[in-house]
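First up is the structure itself, then whatever we jot down about it.
Treat the numbers as computed from the prediction; the structure is a model and nothing was measured.
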Amino acid sequence: MTRPLHDPEGIARLRARLAEGDAAHQALAGRAEAGPVLDVLGAHSPFLSDLAFREAPTLHRLLDRGADAAMQAVLEPLSTADVASPREAVASLLRRAKRQGALVAGVADLMGMWPLDRVTGALSDLADETIEFAIAHLLLDGARRGQIRLPRTKGDKRQVTKGSGLIVLGMGKLGARELNYSSDVDLLLLHDPDSPSYHEEHGPAPYIRIARDLVRLMEERTGEGYVFRTDLRLRPDATPLCVSVPVALSYYESLGQNWERAAMIKARCVAGDRAPAEAFLRELRPFIWRRHLDFAAVADIHSIKRQIHVHKGDRGAGGEIAVAGHDVKLGRGGIREIEFSVQVLQLIWGGRDPALRDQTTLGALAALAAAGKMDRRAAADLADAYVFLRNTEHRLQMVEDRQTHRLPEAPEELDRIGRFMGFAGGAEFGAALTAHQRRVEQHYSRMFEAAPPLTTEGGSLVFTGVEDDPATLENLRAMGYREVSSIAAMIRSWHHGRPRATRTERARELLTEIMPALLAAFARQREPDAALIRFGELLGRLSAGVQFLSLLHRNPPLMGRLAGLLGAAPQLADHLARRPSALDGLLAGSHAAPGEKPLAALPALVREARDLEEVLEATRRLVTERMFEVDAASLEGRMDADASALARSEVADAAISALLPAVERDFARRFGRVAGGGMAVLAVGKLGGREMLPASDLDLILIYDHAPEAEASEGGAKALAPSEYFIRLAHQVVAALTSPGKEGRAFEVDMRLRPSGNKGPVAVRLSAFQRYHAEEAWTWERMALTRARAVAGPAELCKAVQAARDAALTMPRDPAAALADAAHMRARMLRDIPGDGPWDIKSMPGGLVEVEFIAQALTVAHAPERPRLLRGTTREVLAALGRAGYLDEREAATLIQAERLWRTLLGVMRLTVGQWKDPMLPATVEDSLREAAATLVHHTVPDLASLREVMRDHAAAVRASFERRVGKLSL
């Protein structure tokens with residue numbers, strides 16, 4: 001075959017080197033028929049030039065006897081050599097066979113002795129034989145160790161491997177006998193635990209060791225070269241290097257992916273135990289070949305297209321028709337598009353027509369055309385292009401034995417490849433290449449024009465297989481992701497079904513559909529990597545994913561909301577990961593409408609529940625969902641601090657109101673009832689003031705009463721004295737509110753504000769409550785009562801409890817003494833329990849606690865003369881104090897704004913990072929705090945220093961008001 005020669009100096013170097021060599025080298029240099037071969041090798045391929053020198057006898061044999069005989073001579077030692085030879089001798093034998101086989105195949109290809117299918121077939125035969133020899137050698141080594149029981153340890157390699165229970169499947173190009181010149185060999189290693197060779201004592205470990213040693217033996221480079229780069233990554237995901245047959249079958253039947261179906265079309269046994277290998281492939285046929293093409297199968301086929309290749313119009317490496325720098329395998333109009341076209345049509349029709357299951361690309365094209373499943377003109381164009389592109393791929397790899405598919409960018413290097421392909425130069429070659437690419441693109445687009453894209457506006461997103469797609473990494477980086485390889489690996493793990501949420505076919509199809517929008521939504525976050533990782537953690541906690549992913553698929557705006565929450569609120573993301581059911585309300589858009597009762601469905605669920613445990617589970621679920629909705633709406637700015645505090649408090653009220661009677665009924669089944677008895681729940685603290693923050697505890701006091709004549713409970717299996725009855729019942733109520741379930745805990749409960757604190761009984765009788773607050777209560781306990789309200793229990797008892805609270809706060813007292821007590825208590829708190837870091841907004845000087853102290857202390861001091869001050873909610877109390885003249889109205893307004901600012905900032909902190917002690921904040925949290933502050937102070941807060949200034953101003957105003965109205969703080 002004549003072609004323009006690129007490098008006359010390379011030819012001269014090769015000839016000079018041969019002339020200076022031994023007799024075989026000199027004879028080769030002098031052979032006339034060797035001249036054209038040496039000229040081509042010297043002009044275009046330093047790698048083949050070196051092989052011609054190192055393996056001169058092989059080149060002589062090829063010239064004397066032809067390429068077929070020369071290749072047979074290369075393979076013959078692999079049939080006759082002793083597989084029990086030492087490891088070093090085996091490695092040397094295999095590397096020598098690879099060198100000689102590469103030289104024969106390269107020369108036969110370049111000189112037109114063999115067509116493409118013979119070249120790739122010969123390279124595949126060489127790989128088969130070297131792998132079989134290596135496997136036989138390693139099996140014998142395992143037998144010598146006593147770890148494998150081989151039926152035969154004598155004979156050639158096929159006799160040794162027969163009955164070994166070790167299966168080696170060739171995948172990809174090796175499986176199709178289409179190995180390219182510098183290709184990896186893709187292998188899938190399996191072991192049959194039912195084989196007589198399997199040693200129960202050692203289990204699969206010997207087979208895994210063989211797999212590891214095989215890779216080392218094939219890949220290790222020495223002065224003699226290497227055999228083949230070996231890739232075991234096409235095995236079932238997250239499994240050992242050598243997988244048991246039952247595990248592999250179970251994986252493919254339940255978790256097998258679209259691309260794995262396509263890959264398995266080409267699978268064939270290349271080494272090892274043939275009988276179980278063929279049985280395994282037979283078992284796998286239903287996974288690959290589906291007889292009935294229903295809607296799900298069509299969607300499945302389309303999702304392969306979206307995963308495997310870049311959609312028309314993508315950017316990135318090889319995204320458009322090109323020559324310079326173009327990837328002839330993965331690029332537009334390249335080899336992958338041809339292979340994909342063939343494989344998809346085979347998957348569609350091959351289940352019903354076995355004649356279409358040809359493993360080779362050219363054979364499958366012919367079969368599809370013959371069966372009328374592909375236009376004959378299209379099949380011919382694709383076949384011509386395939387041959388041209390594969391020849392181009394071979395020339396690229398022959399230059400330096402590099403596994404490359406990318407054309408050079410420099411014009412002189414393109415000229416070199418053009419001449420290597422037999423053209424006058426790069427321009428002529430480029431024109432021919434472009435013509436083939438355009439025909440491939442046209443047929444490919446026509447076949448799959450209805451398939452939706454797997455792209456963003458900027459380029460491709462390909463997460464199939466086991467390798468990073470360079471264009472995808474480039475696109476992720478352009479979107480704003482940083483650790484792009486880690487992100488791509490994580491997404492591949494989702495497609496592999498590692499999270500339970502993506503283990504079904506439908507879930508993975510949905511994931512494929514939403515991936516472009518999902519990545520775009522998370523890319524808009526301040527720290528997209530961290531936000532997407534949180535999404536992965538959430539997926540890992542979901543027991544099933546189809547419903548969740550379907551909601552995202554049908555409602556793209558919800559995807560943006562979820563990304564915003566996970567991006568801005570790590571604390572909320574952790575909550576989601578622990579309680580995935582909290583997503584239901586958010587994704588279903590079920591936030592309570594104005595005027596709608598929170599947990600409206602709970603009473604019906606309580607009535608239908610078969611037992612108390614069902615009541616508790618329903619309550620936990622609804623509380624979790626609704627609290628998450630409120631938190632999400634608060635973080636997104638759809639609810640301000642006042643509205644969200646009220647909403648959280650209403651949820652707690654509803655839950656307590658539903659649980660108290662349910663617990664009482666359950667308790668009564670065992671212990672009966674106390675005559676005239678009942679229990680009320682008095683809420684204090686943030687719940688009492690309807691000011692609940694994210695993750696607020698419930699501060700509760702449980703108060704009971706009963707008929708004076710009641711001496712014991714009646715109607716149960718065991719009678720209890722009234723005090724014991726209600727104390728036990730109180731423990732049950734607290735347990736119901738705090739007991740963990742699969743949804744986690746509904747609430748945490750704090751009972752320290754009951755009379756006598758932790759030293760007192762968990763429930764107190766109404767008369768004792770009245771007496772305690774009339775005779776013994778401390779000022780701080782009366783301050784706590786200012787926010788107290790009865791939230792559950794019999795109506796008459798709740799009215800009596802509320803009256804007792806009002807009476808305790810309106811009893812005559814010395815206002816000055818009450819204020820002095822409050823000032824002393826605050827000073828003691830600052831000394832003994834100082835703020836925990838610069839962002840302890842609650843406890844810091846001038847912080848939330850001091851605003852609340854002002855409202856509560858002034859209420860305790862002045863409520864006896866002005867009962868209308870008993871408002872409960874801090875901002876309402878401050879406004880009432882201003883109207884009554886105990887505060888200047890402007891001062892009251894300033895305190896109300898400060899209190900709202902503190903609750904707003906504290907809510908953001910709790911939803912994002914929780915308790916934060918470092919002076920510096922994460923960027924996302926800083927942004928959220930600045931935006932929240934700006935809304936309240938009505939001017940921009942451009943940076944962290946400005947935020948701290950706003951906070952200092954408000955804290956100073958609070959402190960000044962505290963010292964003016966309550967008292968000086970002596971620290």
Salt bridge or not between Asp125 and Arg177? Use side-chain N to carboxylate O under 4.0 Å. yes

In this structure, CD of Gln343 is separated from CG of Leu345 (nearest 0.5 Å) by 10.5 Å

Salt-bridge test for Asp68 and Arg118: reply yes if a basic N is under 4.0 Å from a carboxylate O, no otherwise. yes

For the residue pair Leu433 and Phe388, what are the closest heavy atoms and their distance? CA-CE2, 3.7 Å

Test side chain to side chain contact (heavy atoms under 4.5 Å, CB included) applied to Arg439 and Leu382, step by step: CA-CA 8 Å; Arg439 282 192 288 271; Leu382 293 178; over 6 Å; no

Within a strict 4.5 Å, meaning less than it, do heavy atoms of the Val399 and Thr404 side chains meet? no

Start with the C-alpha gap between Glu260 and Tyr251, add the side-chain angles, then the distance that decides, and say whether side-chain hydrogen bond (donor to acceptor under 3.5 Å, both in side chains) holds. CA-CA 11 Å; Glu260 288 171 309; Tyr251 169 86; 3.0 Å; yes

Does the side chain of Thr434 come within less than 4.5 Å of Ile321's, by heavy atoms? yes

Would you say the side-chain atoms of Arg508 pair up with the backbone N or O of Thr502, donor to acceptor, closer than 3.5 Å? yes

Any side-chain donor near an acceptor of the partner, Tyr226 and Asp401, under 3.5 Å: yes

Arg503 versus Pro499, closest heavy-atom pair with distance: CG-O, 3.4 Å

Please tell me if the side chains of Trp494 and Met515 come closer than 4.5 Å, counting only heavy atoms from C-beta onward. yes

Rounded to the nearest 0.5 Å, what separation is found between the CG atom of Leu549 and the OG1 atom of Thr512? 10.0 Å

When you check the side-chain N and O atoms of His394 and Asn180, is any donor under 3.5 Å from an acceptor? no

Quick check on Glu76: does its CD atom have over 12 non-hydrogen neighbours (other residues, nucleotides or ligands) under 6.0 Å away? no

Hey, what do you get for CD (Glu393) to CZ (Arg390), rounding to the nearest 0.5 Å? 5.0 Å

Using modelled atom types and a 3.5 Å cut-off, is there a donor and acceptor pairing between side-chain atoms of Asp273 and backbone atoms of Gly163? yes

NZ/NE/NH1/NH2 to OD/OE distance under 4.0 Å, Arg233 and Asp186: no

Tightest non-hydrogen contact, residues Met71 and Gly101, listed as CE-O, 3.5 Å

Report yes if some heavy atom in the side chain of Val160 is under 4.5 Å from a heavy atom in the side chain of Asp156; otherwise report no. no

Taking the side chain from His405 and the backbone from Lys329, do they hold a donor-acceptor pair closer than 3.5 Å? no

So, does Gln397 use its side chain to make a donor-acceptor pair with the main chain of Arg402 at under 3.5 Å? no

Minimum-distance pair of heavy atoms, taken over all atoms of Ala367 and Leu356: O-CD2, 3.5 Å

Can Leu189 and Leu232 be said to form a side chain to side chain contact (heavy atoms under 4.5 Å, CB included), step by step? CA-CA 8 Å; Leu189 271 68; Leu232 304 183; 4.0 Å; yes

Met490/Ile487 under side chain to side chain contact (heavy atoms under 4.5 Å, CB included): CA gap, chis, key distance, verdict: CA-CA 5 Å; Met490 178 176 68; Ile487 292 296; 4.1 Å; yes

Is there a donor-acceptor pair closer than 3.5 Å between any side-chain N or O of Thr120 and the backbone N or O of Leu116? yes

Which atom pair, heavy atoms only, marks the closest approach of Val104 to Ala70? CG2-CB, 4.0 Å

Looking at Arg492 and Asp468, is there a salt bridge between them, counting it only when a charged N and a carboxylate O are closer than 4.0 Å? yes

Once you measure the plane-to-plane angle for His191 and Tyr198, does it fall in the parallel (<30°), tilted (30-60°) or perpendicular (>60°) bin? parallel

d(Ile288 CD1, Leu347 CG) to nearest 0.5 Å is 8.5 Å

Quick test of your reading of the model: are Glu132 and Arg158 salt-bridged, counting only N-O distances below 4.0 Å? yes

Is a side-chain donor or acceptor of Gln346 paired with a backbone partner of Asp358 at a separation under 3.5 angstrom? yes

Roughly how far, to the nearest 0.5 Å, is the OG atom of Ser195 from the CG atom of Leu150? 9.0 Å

Is Glu178 paired with Arg268 through a side-chain N to carboxylate O contact shorter than 4.0 Å? no

Taking the side chain as every heavy atom from C-beta outward, state whether Val227 and Ile131 have any pair of such atoms under 4.5 Å apart. no

Worked check of side-chain hydrogen bond (donor to acceptor under 3.5 Å, both in side chains) between Asp384 and His436: CA-CA 8 Å; Asp384 290 344; His436 284 298; over 6 Å; no

Counting C-beta onward and ignoring hydrogens, is there a side-chain heavy-atom pair between Thr161 and Leu139 closer than 4.5 Å? yes

Inter-residue atom distance Leu214.CG - His137.NE2, 0.5 Å rounding: 11.0 Å

Passes side chain to side chain contact (heavy atoms under 4.5 Å, CB included), Leu78 versus Leu94? Steps please. CA-CA 8 Å; Leu78 298 175; Leu94 299 179; 3.8 Å; yes

Stepwise salt bridge (Lys or Arg N to Asp or Glu O under 4.0 Å) test for Asp109 and Arg395: CA-CA 10 Å; Asp109 185 359; Arg395 302 304 177 268; 3.1 Å; yes

Side-chain ion pair, Lys173 and Glu339, N-O less than 4.0 Å: yes

Which label fits Phe287 and Tyr252: parallel for a plane angle under 30°, tilted from 30 to 60°, or perpendicular past 60°? tilted

With side chains defined as the heavy atoms from C-beta onward, is the minimum distance between Ile148 and Tyr207 less than 4.5 Å? yes

Any donor-acceptor pair under 3.5 Å from Gln359 side chain to Ala267 backbone: yes

Taking every heavy atom of Ser197 against every heavy atom of Ser164, the minimum-distance pair comes out as CB-O, 3.3 Å

Residue of the set Leu188, Leu249, Val247 for which side chain to side chain contact (heavy atoms under 4.5 Å, CB included) holds with Pro236: Leu188

Quick check: does any side chain N or O of Lys157 sit under 3.5 Å from a backbone N or O of Ala136, one acting as donor and the other as acceptor? no

Checking the side chain of Arg235 only, and the main-chain atoms of Val243 only, is there a donor and an acceptor separated by less than 3.5 Å? no

Heavy atoms, side chains only, cut-off 4.5 Å: are Ile514 and His553 in contact? yes

